[in-house]
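Single-structure report; data block below.
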Amino acid sequence: MKSLRLVFGDQLTRTLSALDGLDPVNDVVFMVEVAQETTYAPHHKQKIVLILAAMRHFAAELMGEGVRVHYVRLDDPANTGSFTGELARALGLHKPDAIIATEPGEWRVAQMMGDWSAQFGVPLDVREDDRFFCSRGRFARWANERKSYRMEFFYREMRRETGLLMQGDKPEGGEWNFDKENRKALPARHAPPKRQRFEPDQTTREVMALVARRFADNFGDLEPFGWAVTRADALEALDHFIADCLPLYGDYQDAMKTGEPFVYHSILSPYLNCGLLTAREICIAAERAFRAGHAPLNAVEGFVRQILGWREYVRGIYWRHMPAYEDTNALEAHRPLPAFFWTGDTRMNCIAQAVGDTRKHAYAHHIQRLMITGNFALLAGIEPRAVEEWYLAVYIDAFDWVELPNTHGMVLFADGGMLASKPYAASGAYIDRMSDYCGACAYDVKQKSGPKACPFNPLYWHFLIENRARLAANPRMAMPYRTLDKMSDERRAEITREALAFLDGVDQPKQQFALDL
Ligand code: FAD
Ligand code: DLZ
Ligand code: SF4
């Protein structure tokens, strides 16, 4: 029996279920670079380099083991440009008895695969993606048992099931969550550690030249490119994070600082999402650091929760609710995405910094994504589809299954509260507390109204006014609505006027709030 083993660009894991029982003599591994994938979103240049370079290295490692690999490059003149077209060619060439795959990460790819068996008359065995802690079926069972979802309860079940950070049936340290210790701003003179970057080798340089030629107009800087593209380097990146960053990960998890895009974050999401590292080995390494006394519990629990909790939870929601999930727009947000999301050309320094980091590194950390660009998009009422397209394009770790629920649910509350219990809306005061951005801004974060007032201030209250009918009954929104209700009618009218004036001019270059009027 001869089988064709499919490995997609986000499945670069030697222990992938599609490679289980691989017969190196008869079987053929199928890996293809296709225009369909390089263009379904206008990806950041570094994201295309990461995936294609990591695919080429992974294929070379398999061949080094003596495995037969059918690999098609993007610039191969015979390349049809699609998975289906390339599969047809490979089937004609190798004539396998079966196709073996691991379930794909994305809904659109799963839809495409649905037709293959009938179309080609070859049996297709789609195996579970056991790189995740929680299978789709396990999530469905959890979801079926409750009326509403909350990550925290899902996470506790995952802790119990995996035994991570447990003492018998009790959570390590007696609490499930230590977030109250994890909200510190970075002290002014505190410099986070210098981060390890990886010099591109010949293979990666070839891909960079290809991307420079074919994707010159895509968003983002191509150089310097310092991401790991092999498992060996990704493992080094993991060691570096555990040794140098994990101990203070918790303390400064929410902190933002000019010129410090990574702070103490792991920057492991690109490797996790394309398969160079697995969630299990990362969580085990973090737990080991705690047990060895190298990192405190608030850091390790906070870190493990992101992977064992949030990452698995958003994937569960994605697969349970697609495709209807992406069509909701619970807050009826319809404004277009301002051009400064792409150019960074705005006097709102926090946004200019977040977009600048994104352009340079294809990365911004979670709080920049959630509380700067995300918060702005929420408060300004930007159309969900436009915001989702932006996040999917600009981040090196962006794949629909993880980007969509974060953007649609966590940031925009477009799912009406399925993923998060309340919108993460905040005024400028939060950004000022957690960053050094406001000090260098053209706006004044302390001013609530007038030409110099931080735009996040009127936008925040305007958001509450606009969405009163949808949000006021939410118990977690009671406090801000009480504050809003104590304001005079004149003050509320002033907020609405100023917010709308800002929003109406928001797509102008060098957007400012009446500063030069
Ligand atoms: P760390 O802070 O070091 O966290 C460790 C790991 O936990 C990450 O590598 C990631 O795998 C996981 N993680 C943390 N938060 C989340 C989360 N909310 N959802 C899922 N996994 C999480 N993450 C992606 O991997 N891909 C995306 O496309 C993506 N889009 C996002 C869009 C928005 C609007 C927001 C608010 C968040 C998004 N995230 C996404 C989640 C999170 O911001 C990134 O995972 C994180 O910034 C990656 O950097 P890191 O590896 O340094 O994270
Ligand atoms: C993101 C991406 C890119 C840019 N290019 C490819 C590619 O050429 N070939 C491939 O197999 N995968 C690529 N990927 C990752 C895919 O988009 C991802 O594997 C699918 O979405 C699976 O669901
Ligand atoms: Fe952002 Fe407002 Fe601070 Fe400027 S003042 S950096 S716009 S929060």
Side-chain angles (χ1 to χ4, degrees), residues 6-11 31-41 43 47-48 50-52 55 72 74 83 103-110 151 241 245-246 249 253 262-275 279 282 302-315 346-353 363-374 376-377 387-388 391-392 395-408 410-412 424 426-432 435 437-447 453-457 513:
L6 265 50
V7 176
F8 293 130
D10 58 354
Q11 298 182 335
M31 296 179 70
V32 290
E33 299 173 6
V34 282
Q36 176 186 31
E37 297 307 301
T38 54
T39 59
Y40 76 88
H43 306 290
K47 179 177 171 192
I48 306 177
L50 171 85
I51 300 294
L52 301 193
M55 284 177 68
V72 181
L74 195 63
F83 283 136
E103 53 193 8
E106 304 192 353
W107 171 264
R108 79 190 159 84
V109 178
M151 195 289 295
F241 166 69
C245 303
L246 180 61
Y249 174 88
Q253 198 178 349
F262 310 125
V263 197
Y264 284 86
H265 289 269
S266 71
I267 50 174
L268 295 176
S269 53
Y271 315 137
L272 249 174
N273 293 354
C274 76
I282 296 179
F303 179 70
V304 166
R305 177 162 20 95
Q306 305 313 311
I307 297 177
L308 180 63
W310 279 111
R311 188 168 185 268
E312 299 284 328
Y313 177 71
V314 301
R315 176 179 184 260
T346 165
R347 289 195 183 177
M348 288 179 280
N349 188 41
C350 52
I351 295 192
Q353 293 298 331
Y363 177 90
H365 73 64
H366 185 66
I367 298 302
Q368 292 175 295
R369 299 186 203 193
L370 180 64
M371 300 309 294
I372 305 287
T373 43
F376 183 87
V387 187
E388 287 146 24
Y391 278 101
L392 188 62
Y395 290 113
I396 192 154
D397 54 24
F399 293 86
D400 200 45
W401 66 267
V402 52
E403 174 277 323
L404 182 74
N406 269 293
T407 310
H408 197 81
M410 192 185 300
V411 159
L412 299 175
Y424 285 87
S427 67
Y430 173 85
I431 297 171
D432 191 30
S435 79
Y437 297 147
C438 300
C441 187
Y443 295 104
D444 180 349
V445 72
K446 299 274 187 289
Q447 289 195 32
C454 163
F456 282 88
N457 294 337
F513 180 46

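In what follows, every heavy atom counts, from backbone to side chain, and hydrogens, waters and symmetry copies are set aside. Counting starts at 1 for both ligands and their atoms, following the listed order. Everything numeric here is computed off the predicted structure, so don't read it as measured data.
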Proximal candidate to [atom] [heavy atom criterion; set [options]]:
atom: atom 34 (C) of ligand 1; options: Val314, Val411, Ile372; result: Val411
atom: atom 9 (N) of ligand 2; options: Val34, Leu74, Leu6, Val32; result: Val32
atom: atom 43 (O) of ligand 1; options: Met371, His366, Glu388; result: His366
atom: atom 39 (N) of ligand 1; options: Leu404, Asn406, Ile396; result: Asn406

message = Please determine whether any non-hydrogen atom of Tyr363 lies less than 4.0 Å from an atom of ligand 1.
response =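 Yes, Tyr363 has heavy atoms under 4.0 Å from ligand 1.
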task = Work out whether the distance between some heavy atom of Phe303 and some atom of ligand 1 is less than 4.0 Å.
result =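 Yes, Phe303 has a heavy atom closer than 4.0 Å to ligand 1.
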Which protein heavy atom lies closest to [atom], and at what distance to 0.1 Å?
atom: atom 13 (N) of ligand 1; result: Gln306 O, 3.5 Å
atom: atom 26 (N) of ligand 1; result: Asp397 O, 2.9 Å
atom: atom 46 (C) of ligand 1; result: Arg369 NH2, 4.2 Å

message = For a quick test of reading the model, state the closest non-hydrogen atom pair linking Pro270 to Asp397 and the distance between them.
response =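 Distance-wise, the nearest heavy atoms are N-CB, 4.0 Å.
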Which atoms of ligand 1 are found less than 4.0 Å from any heavy atom of [X]?
X: Ser269; answer: 9 (O), 25 (O), 48 (C), 49 (O), 51 (O)
X: Leu272; answer: 11 (O)
X: Tyr391; answer: 32 (C), 34 (C)

Is it the side chain (CB and beyond), the backbone, both or neither of [X] that lies under 4.0 Å from ligand 1, heavy atoms counted?
X: Phe241; result: neither
X: Asn273; result: side chain
X: Tyr395; result: neither
X: Phe262; result: neither

ask   = Do any nitrogen or oxygen atoms of His365 come within less than 3.5 Å of a nitrogen or oxygen of ligand 1?
value =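 No, since none of the N or O atoms of His365 sits under 3.5 Å from an N or O of ligand 1.
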key: Numbered atoms and elements of ligand 2 in range of Asp10, under 4.0 angstrom, heavy atoms   =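 It comes down to these atoms of ligand 2: 18 (C), 19 (O), 22 (C), 23 (O).
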inquiry  = Please list, in number order, the atoms of ligand 2 under 4.0 Å from a heavy atom of Tyr40.
reply    =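 In order of numbering, the contacting atoms are 17 (O).
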request  = Please determine if Glu403 and Lys47 form a salt bridge, counting it only when a charged side-chain N lies under 4.0 Å from a carboxylate O.
outcome  =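 Between Lys47 and Glu403 there is no salt bridge, as every charged N stays at least 4.0 Å from the carboxylate O atoms.
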request  = May I ask you to list the protein N, O or S atoms found at less than 2.8 Å from atom 4 (Fe) of ligand 3?
outcome  =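 Near atom 4 (Fe) of ligand 3, the protein supplies Cys441 SG.
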Give yes if a backbone or side-chain nitrogen or oxygen of [X] is under 3.5 Å from a nitrogen or oxygen of ligand 2, and no if not.
X: Glu37; answer: yes
X: Glu33; answer: no
X: Pro104; answer: no

key: Residues that Tyr313 engages under side-chain hydrogen bond (donor to acceptor under 3.5 Å, both in side chains), provided they are two or more places apart   =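 Listed in chain order: nothing, the list is empty.
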inquiry  = Just checking Phe303 against Phe241, ring centres under 6.0 Å apart?
reply    =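 For Phe303 and Phe241, the ring centres are under 6.0 Å apart.
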query = When the aromatic ring centroids of Phe456 and Tyr443 are compared, is their separation below 6.0 Å?
reply =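 Between Tyr443 and Phe456, which both carry aromatic rings, the centre distance is not below 6.0 Å.
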task = Could you tell me whether a side-chain N or O of Asn349 sits under 3.5 Å from a main-chain N or O of Tyr437, the two making a donor and an acceptor?
result =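 Judged by distance alone, yes, a pair lies under 3.5 Å.
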